[in-house]
Amino acid sequence: MKKLLIPALLSALLAACSTTPLPEDGGAPVESRSGAGTGVAPVTAGGLDASGLPRELTDPKSKLSQRSIYFDLDKYEVKDEYKDLVAAHAKYLTANKGFKVLLQGNTDERGSREYNLSLGQKRAEAVKRSLTLLGVKDDQIESVSLGEEKPKNPGHDEAAWSENRRADILYKAPDGRGEF
Amino acid sequence: MNAMSRISRRVFLALALFSAGLAQAQLSIEITGAGANRIPVAIVDFPGDPTASRVITATVRSDLERSGLFKLVDHGGLAFDENAPINHADWKSKGADALAAGSIGRSADGRMEARFRLYDSQKGVSLGGAAYVTSNTQLRAAGHRIADYIYEKLTGEKGVFSTRIAYVVKARGQFLLQIADSDGQNAATALTSAEPIISPAWSPDGSKLAYVSFEKKKPVIYVHSLASGQRIIVANFKGSNSAPAWSPDGRKLAIVLSKDGNSQLYTVNADGSGLQRITQSSGIDTEPRYAADGGSIFFTSDRGGSPQIYQVGAGGGEARRVTFEGSYNVSPRPAPDGKSLAFITRREGRFQLAVMDLASRQVQVLSDSNKDESPSFAPNSRMILIATEIGGRGVLSAVSSDGRIKQRLTVAAGDVREPAWGPYYQ
């Protein structure tokens, strides 16, 4: 048991430290210094992927790589089945205050484009509310809408429409690299 | 510039070069419904430079026929100029109510000039004529002006043949904001983007387009000067920025921002300064459009539980509900003549164009289709352009305010959407 416990503790400690990507030039930004206060920018063993984000956010095996929250027709509240996912993202963001997210709300294609833009906004806002209630800072989050303009599924039936009623979470690292 | 934007800039340039071919894409127009009592008119060939004559008379004939209000009477290959004596009885017996004759000559200072005269064949009198200076590159424009003149003399309303329309084409993964003549010719691309473009809106003087672009991964409002290609960001507040609408004096834009929570109406100056909030509701307020006199703004709101159309003073204040039939009435478009309001209504799941007479508040559903959106009035208030879908493709449809005249506008290799009819030629 003990043999497993120490590596588990170590990896928990590493996960708790802010994962700072290698800066392109100059030193690490102040807000991403590790709690150890030694002035050395820590890098997780997992490293970064091509977008400049830690693999924890992009590796398909990681829960945080799941970025979509789906909504029922005419509904704008986060369903219970997504509460754990939202909580996992909230936990990451509260532990890594230098990271920012862009929440993009979407709708299916039916109806006015501009009204759908506003409905998509409600979905992004619902996810934002859940995150801020769990302690994420307001200035780490921007909620926007893509309305019906960028469907995940271009089909014209309920199966397609249900894939498009969603909010997506995009990440940006403290050095500005990332998905937006 | 970080790696991500370096890569996306390269992709954008590659797409822009590729789209140079698409920029030539023509908008094709076919008539699918005509007016009840079309005026029979004959347009003879015009003596003078044969190419110029051919282009100009073809433009006049096609404009008048496409309007759905005229029926062309066979001119029998005849050509005579605006000073030739006319055998009116002859033309009357061929079924013509009106006849236009003209010529291509030179103006006093040596430039090419198109001259014509319009006759009432029933009464055997001249209704007037004009001369327009033109050139080899402006022949269609001269034809449009002649058609406008004939249209106005015979119907009493201003013609829109010299106007332009803006629209968005989605093709091969790109979005193009294009502007074409109202007959679909001379399409030019104002903006090419890898991300969606929606809600184009013409400035009242026709020199600029406001629109919403998603190139920054969120909706941002731009104002784009057409001649120079220069554009400015008018609204990029935190959250979504959308639905720009010009005030009739061209000084302000009504816009929709989500920066304070739900979508609400604001106004800004055309340069983006001077933000003012106009509505304060607990629901979504969107799709503002100034009434023709600039004194009020029509908009869509679901503050009452379902999306309906409301009207509020241009500076804000108490809003009055305008639509009461059905549970989904959106996209208000007040007519330029102030007499009616076009909008989209959902009836039994089908999204259709409707028009409300503002005096009687009577509503007439004008279309028979399922997916109408984004209505736009022609400046003479007679025709309404909408985006719709036929056979799974995005097309534009133009319908007259009485529902009789119908035209379909398509692009060869893509979906067309988001039409905006430009102002009168200035």
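Throughout, protein chains are lettered first and strands after them, A, B, ... in sequence-line order, and every chain is numbered starting at 1.
Heavy atoms of S331(B) lying under 4.5 Å from chain A belong exclusively to its side chain. For chain B, the nearby parts of L146(A) are the backbone and the side chain; heavy atoms of each come within less than 4.5 Å. For I284(B), the part sitting under 4.5 Å from any heavy atom of chain A is the side chain, from C-beta outward, and nothing else. The part of F237(B) that comes within reach of chain A is its backbone (N, CA, C, O), which places non-hydrogen atoms under 4.5 angstrom from that chain.
Below 4.5 Å, heavy atoms of chain B meet heavy atoms from L119(A), Q121(A), K122(A), E125(A), K128(A), D138(A), D139(A), I141(A), E142(A), S143(A), all part of residues 119-143 of chain A. Inspection of non-hydrogen atoms places no residue of residues 63-89 of chain A under 4.5 Å from chain B.
The pair E195(B)-K150(A) counts as a salt bridge, with a side-chain nitrogen and a carboxylate oxygen less than 4.0 angstrom apart.
In this structure, F180(A) and Q104(A) have side chains that are not in contact, with every pair of non-hydrogen atoms separated by 4.5 Å or more.
A donor-acceptor contact shorter than 3.5 Å is absent between the side chain of S369(B) and the backbone of K371(B). Between the R350(B) side chain and the D368(B) main chain, a donor and an acceptor come within less than 3.5 Å of each other.
In plain terms, the two heavy atoms of V256(B) and E287(B) that are nearest each other are CG2-N, 3.9 Å. Residue W202(B) comes nearest to A420(B) through the heavy atom pair NE1-O, 2.9 Å, listed as atom of the first residue, atom of the second, then distance.
Between the side chains of S112(A) and E373(B), no donor N or O sits under 3.5 Å from an acceptor N or O. For N236(B) and K218(B), the side-chain atoms include at least one donor-acceptor pair closer than 3.5 Å.
Under the rule for a side chain to side chain contact (heavy atoms under 4.5 Å, CB included), the partners of R321(B) that lie at least two apart in sequence or sit in another chain are Q308(B), Y310(B), F324(B). In this view, D302(B) satisfies the salt bridge (charged side-chain N to carboxylate O under 4.0 Å, His left out) rule with no residue, not counting sequence neighbours.
Among S263(B), S199(B), P219(B), the residue with the largest count of heavy-atom pairs under 4.5 Å with chain A is P219(B).
Y266(B) pairs with exactly one of D260(B), T279(B), D285(B) by the side chain to side chain donor-acceptor pair (under 3.5 Å) rule, that one being D260(B).
Between F351(B) and Y328(B), the angle of the ring planes goes over 60°, which puts this pair in the perpendicular group of the 30/60° scheme.
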